[in-house]
Number of protein chains: 2
Amino acid sequence: MADLDHEGGTPLYRQIADIIAAQIESGELQPDRPIPSETRMAEEYGVARLTARRAVRELVERELVYVVRGKGSFVRPEE
Amino acid sequence: MADLDHEGGTPLYRQIADIIAAQIESGELQPDRPIPSETRMAEEYGVARLTARRAVRELVERELVYVVRGKGSFVRPEE
DNA sequence: CGAAATTTGTTCGTATGTATC
DNA sequence: TGATACATACGAACAAATTTC
(Lines give C-alpha, C1' and ligand atoms only; values in the text may rest on other atoms or scores of the structure.)
Protein backbone atom coordinates (compact mmCIF):
# COMPACT_ATOMS: atom_id res chain seq x y z
CA MET A 1 0.00 0.00 0.00
CA ALA A 2 0.84 3.56 -0.30
CA ASP A 3 3.15 3.69 -3.24
CA LEU A 4 4.01 7.29 -3.85
CA ASP A 5 5.91 8.64 -6.79
CA HIS A 6 9.13 10.06 -5.43
CA GLU A 7 10.23 11.15 -8.87
CA GLY A 8 9.24 14.17 -10.78
CA GLY A 9 6.08 16.14 -10.86
CA THR A 10 3.58 15.81 -8.06
CA PRO A 11 4.68 16.64 -4.51
CA LEU A 12 4.32 13.87 -1.97
CA TYR A 13 1.92 15.87 0.17
CA ARG A 14 -0.42 16.37 -2.76
CA GLN A 15 -0.28 12.70 -3.70
CA ILE A 16 -1.27 11.80 -0.16
CA ALA A 17 -4.00 14.42 -0.11
CA ASP A 18 -5.37 12.98 -3.35
CA ILE A 19 -5.48 9.48 -1.87
CA ILE A 20 -7.35 10.64 1.22
CA ALA A 21 -9.66 12.79 -0.89
CA ALA A 22 -10.54 9.76 -3.00
CA GLN A 23 -11.31 7.77 0.15
CA ILE A 24 -13.59 10.53 1.34
CA GLU A 25 -15.38 10.81 -1.95
CA SER A 26 -15.82 7.05 -2.18
CA GLY A 27 -17.37 6.97 1.28
CA GLU A 28 -14.57 4.86 2.70
CA LEU A 29 -14.01 7.69 5.14
CA GLN A 30 -17.27 8.97 6.50
CA PRO A 31 -18.49 12.41 7.62
CA ASP A 32 -17.39 13.45 11.12
CA ARG A 33 -15.25 10.36 11.38
CA PRO A 34 -11.50 10.81 11.86
CA ILE A 35 -9.05 10.43 9.05
CA PRO A 36 -5.72 8.81 10.01
CA SER A 37 -3.60 10.88 12.38
CA GLU A 38 -0.58 12.72 11.04
CA THR A 39 1.69 10.19 12.71
CA ARG A 40 -0.29 7.31 11.27
CA MET A 41 -0.20 8.76 7.78
CA ALA A 42 3.51 9.41 8.06
CA GLU A 43 4.10 5.75 8.88
CA GLU A 44 1.62 4.57 6.27
CA TYR A 45 3.19 6.48 3.42
CA GLY A 46 6.78 6.53 4.61
CA VAL A 47 7.04 10.28 4.89
CA ALA A 48 7.84 12.79 7.60
CA ARG A 49 5.07 13.94 9.90
CA LEU A 50 5.32 17.43 8.48
CA THR A 51 4.68 16.12 5.01
CA ALA A 52 1.60 14.27 6.23
CA ARG A 53 0.62 17.48 7.94
CA ARG A 54 0.87 19.39 4.70
CA ALA A 55 -1.43 16.84 3.10
CA VAL A 56 -3.98 17.53 5.82
CA ARG A 57 -3.63 21.24 5.20
CA GLU A 58 -4.38 20.63 1.55
CA LEU A 59 -7.53 18.73 2.47
CA VAL A 60 -8.62 21.55 4.76
CA GLU A 61 -8.11 24.02 1.95
CA ARG A 62 -10.18 21.80 -0.31
CA GLU A 63 -12.88 21.91 2.38
CA LEU A 64 -12.89 18.14 2.72
CA VAL A 65 -11.52 17.99 6.27
CA TYR A 66 -11.63 19.90 9.55
CA VAL A 67 -9.08 19.69 12.32
CA VAL A 68 -9.47 19.74 16.09
CA ARG A 69 -6.32 20.23 18.09
CA GLY A 70 -5.62 17.41 20.49
CA LYS A 71 -8.30 15.29 18.90
CA GLY A 72 -7.65 14.73 15.25
CA SER A 73 -8.73 15.54 11.72
CA PHE A 74 -12.21 14.64 10.56
CA VAL A 75 -14.16 14.31 7.36
CA ARG A 76 -16.18 17.42 6.83
CA PRO A 77 -19.89 16.70 6.50
CA GLU A 78 -21.86 17.97 3.53
CA GLU A 79 -23.38 21.39 3.92
CA MET B 1 2.97 46.18 4.06
CA ALA B 2 6.45 44.94 3.63
CA ASP B 3 7.40 46.22 0.24
CA LEU B 4 10.79 44.90 -0.68
CA ASP B 5 12.83 45.97 -3.64
CA HIS B 6 13.01 43.00 -5.95
CA GLU B 7 15.11 44.88 -8.45
CA GLY B 8 18.76 45.46 -8.41
CA GLY B 9 21.14 45.92 -5.57
CA THR B 10 20.24 44.82 -2.09
CA PRO B 11 19.42 41.14 -1.47
CA LEU B 12 15.98 40.46 -0.07
CA TYR B 13 17.37 38.84 3.04
CA ARG B 14 19.37 41.95 3.87
CA GLN B 15 16.41 44.20 3.31
CA ILE B 16 14.39 42.11 5.73
CA ALA B 17 17.23 42.05 8.23
CA ASP B 18 17.43 45.83 8.03
CA ILE B 19 13.73 46.16 8.73
CA ILE B 20 13.89 43.91 11.79
CA ALA B 21 17.07 45.61 12.97
CA ALA B 22 15.31 48.96 12.82
CA GLN B 23 12.43 47.57 14.85
CA ILE B 24 14.86 46.32 17.46
CA GLU B 25 16.74 49.58 17.65
CA SER B 26 13.52 51.56 17.92
CA GLY B 27 12.37 49.40 20.82
CA GLU B 28 9.42 48.07 18.90
CA LEU B 29 10.90 44.64 19.45
CA GLN B 30 12.12 44.27 23.01
CA PRO B 31 14.98 42.36 24.63
CA ASP B 32 14.35 38.65 25.17
CA ARG B 33 11.07 38.94 23.32
CA PRO B 34 10.61 36.89 20.15
CA ILE B 35 10.96 38.38 16.72
CA PRO B 36 8.57 37.02 14.08
CA SER B 37 9.16 33.36 13.22
CA GLU B 38 10.84 32.46 9.96
CA THR B 39 7.53 31.23 8.60
CA ARG B 40 5.79 34.38 9.72
CA MET B 41 8.42 36.58 8.13
CA ALA B 42 8.24 34.58 4.93
CA GLU B 43 4.51 35.21 4.72
CA GLU B 44 4.87 38.82 5.79
CA TYR B 45 7.42 39.70 3.15
CA GLY B 46 6.34 37.26 0.48
CA VAL B 47 9.60 35.33 0.36
CA ALA B 48 10.65 31.73 0.88
CA ARG B 49 11.30 30.54 4.39
CA LEU B 50 14.97 30.07 3.59
CA THR B 51 15.25 33.70 2.65
CA ALA B 52 13.67 34.75 5.93
CA ARG B 53 16.11 32.39 7.58
CA ARG B 54 19.05 34.13 5.99
CA ALA B 55 17.73 37.40 7.34
CA VAL B 56 17.73 35.92 10.83
CA ARG B 57 21.27 34.69 10.30
CA GLU B 58 22.26 38.22 9.40
CA LEU B 59 20.73 39.52 12.60
CA VAL B 60 22.57 36.89 14.62
CA GLU B 61 25.83 37.92 12.97
CA ARG B 62 25.06 41.52 13.83
CA GLU B 63 24.60 40.34 17.43
CA LEU B 64 21.07 41.68 17.54
CA VAL B 65 19.30 38.33 17.84
CA TYR B 66 19.77 34.90 19.38
CA VAL B 67 18.03 31.72 18.28
CA VAL B 68 16.63 28.82 20.29
CA ARG B 69 15.75 25.70 18.36
CA GLY B 70 12.12 24.72 18.63
CA LYS B 71 11.26 27.97 20.37
CA GLY B 72 12.10 30.94 18.23
CA SER B 73 14.45 33.86 17.63
CA PHE B 74 14.74 36.56 20.26
CA VAL B 75 16.04 40.06 20.64
CA ARG B 76 19.43 39.93 22.26
CA PRO B 77 19.56 41.96 25.46
CA GLU B 78 22.27 44.57 25.99
CA GLU B 79 25.43 43.36 27.63
C1' DC C 1 -7.40 14.28 41.15
C1' DG C 2 -3.19 13.61 38.57
C1' DA C 3 -0.12 11.34 35.33
C1' DA C 4 0.59 9.41 30.93
C1' DA C 5 -0.44 8.79 26.12
C1' DT C 6 -2.19 10.67 21.87
C1' DT C 7 -2.82 14.33 18.72
C1' DT C 8 -2.38 18.67 16.62
C1' DG C 9 0.40 23.32 16.66
C1' DT C 10 4.74 25.74 16.04
C1' DT C 11 9.52 26.53 15.75
C1' DC C 12 14.30 26.08 14.24
C1' DG C 13 17.93 22.79 11.74
C1' DT C 14 19.33 20.67 7.47
C1' DA C 15 19.53 18.86 2.70
C1' DT C 16 18.52 18.54 -2.27
C1' DG C 17 17.15 20.27 -6.65
C1' DT C 18 15.89 23.98 -9.70
C1' DA C 19 15.89 28.61 -11.63
C1' DT C 20 17.55 33.22 -12.30
C1' DC C 21 20.80 36.85 -12.69
C1' DT D 1 30.79 30.97 -12.15
C1' DG D 2 28.85 32.44 -8.09
C1' DA D 3 25.21 34.60 -5.35
C1' DT D 4 20.49 34.80 -4.67
C1' DA D 5 16.00 32.75 -4.27
C1' DC D 6 12.35 29.32 -4.39
C1' DA D 7 10.01 24.55 -3.50
C1' DT D 8 10.10 20.35 -1.40
C1' DA D 9 11.22 17.22 2.24
C1' DC D 10 13.06 15.25 6.39
C1' DG D 11 14.74 15.87 11.36
C1' DA D 12 14.36 17.59 16.05
C1' DA D 13 12.53 20.13 19.88
C1' DC D 14 8.99 22.15 22.31
C1' DA D 15 4.03 23.56 23.26
C1' DA D 16 -0.90 22.88 23.97
C1' DA D 17 -5.36 20.34 23.87
C1' DT D 18 -7.66 16.07 24.64
C1' DT D 19 -8.48 11.50 26.26
C1' DT D 20 -7.73 7.67 29.17
C1' DC D 21 -6.54 5.40 33.20
Side-chain angles (χ1 to χ4, degrees), chain A residues 2-21 23-24 29-30 32-76, chain B residues 2-21 23-24 29-77:
Chain A
D3 286 340
L4 304 183
D5 176 18
H6 283 66
E7 308 312 316
T10 310
L12 297 179
Y13 71 84
R14 188 165 304 133
Q15 293 181 53
I16 296 171
D18 287 342
I19 292 170
I20 304 292
Q23 292 175 349
I24 291 172
L29 292 171
Q30 300 213 327
D32 289 319
R33 298 286 302 164
I35 68 172
S37 73
E38 296 172 356
T39 304
R40 183 80 182 79
M41 285 177 50
E43 289 170 354
E44 189 87 14
Y45 298 102
V47 299
R49 188 197 144 199
L50 264 172
T51 302
R53 186 169 172 68
R54 285 200 69 179
V56 174
R57 192 181 68 184
E58 277 265 316
L59 294 166
V60 170
E61 285 168 359
R62 294 186 200 173
E63 303 188 339
L64 290 174
V65 161
Y66 64 95
V67 179
V68 183
R69 181 175 186 172
K71 294 193 67 174
S73 303
F74 304 84
V75 177
R76 187 165 165 176
Chain B
D3 287 340
L4 303 183
D5 176 19
H6 283 66
E7 309 310 318
T10 312
L12 297 179
Y13 69 83
R14 189 164 304 132
Q15 293 180 54
I16 295 171
D18 287 342
I19 292 170
I20 304 291
Q23 292 175 351
I24 291 172
L29 293 172
Q30 301 213 325
D32 287 318
R33 299 287 302 164
I35 68 173
S37 74
E38 295 172 356
T39 304
R40 183 80 183 77
M41 285 176 49
E43 290 171 356
E44 189 88 13
Y45 298 102
V47 298
R49 188 196 144 200
L50 265 174
T51 303
R53 185 169 171 71
R54 286 202 183 93
V56 174
R57 192 181 64 186
E58 278 264 317
L59 292 165
V60 170
E61 284 168 0
R62 294 185 201 173
E63 303 188 339
L64 289 174
V65 161
Y66 64 95
V67 179
V68 182
R69 179 179 187 168
K71 295 195 70 174
S73 302
F74 304 84
V75 177
R76 185 164 166 175

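In the text below, chain A, chain B and the rest are named by the order of the sequence lines, each starting its count at 1. Quick caveat: nothing in here was measured; it's all calculated off a predicted structure. Below, all heavy atoms of this structure are taken into account, side chains as well, without hydrogens, waters or symmetry copies.
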At what distance, to the nearest 0.5 angstrom, does [atom1] of [X] lie from [atom2] of [Y]?
X: D32(B); Y: F74(B); atom1: CG; atom2: CZ; value: 8.5 Å
X: R76(B); Y: L64(B); atom1: CZ; atom2: CG; value: 8.5 Å
X: S37(B); Y: E44(B); atom1: OG; atom2: CD; value: 10.0 Å
X: I24(A); Y: Q30(A); atom1: CD1; atom2: CD; value: 11.5 Å

Contacts of E38(B) that satisfy side-chain hydrogen bond (donor to acceptor under 3.5 Å, both in side chains) - sequence neighbours left out: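 For E38(B) the side-chain hydrogen bond (donor to acceptor under 3.5 Å, both in side chains) partners, ignoring immediate neighbours, are R49(B), R53(B).
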Gap between atoms CZ and C1', on R53(A) and dA16(D) respectively (whole Å):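 Rounded to whole Å, this separation is 12 Å.
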Spacing of E38(B) atom CD relative to dA12(D) atom C1', expressed in whole Å: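 It works out to 14 Å between those atoms.
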Sequence-aligned protein contact record of nucleotides 4-9 of chain D, with B where the base is within under 4.0 Å of a protein heavy atom and S where only the sugar-phosphate is: SSSBSS
Given DNA chain D, 5'-ward residue of the pair V68(A) and G70(B), judged by closest heavy atom: G70(B)
Step-by-step side chain to side chain contact (heavy atoms under 4.5 Å, CB included) determination, T51(B) to Y45(B): CA-CA 10 Å; T51(B) 303; Y45(B) 298 102; over 6 Å; no
R62(A) bridged to E58(A) by N-O distance under 4.0 Å: yes
Watson-Crick/G-U partner (both atom distances under 3.5 Å) of dC1(C):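 Its partner is none (no Watson-Crick or G-U wobble pair with both distances under 3.5 Å).
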Leading and trailing nucleotides of DNA chain C with any atom under 4.0 Å from heavy atoms of chain B: dT11(C) to dA15(C)
Side chain to side chain contact (heavy atoms under 4.5 Å, CB included) partner of S73(B), chosen from V60(B), V68(B), V56(B):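 Of all the options given, the one that passes is V56(B).
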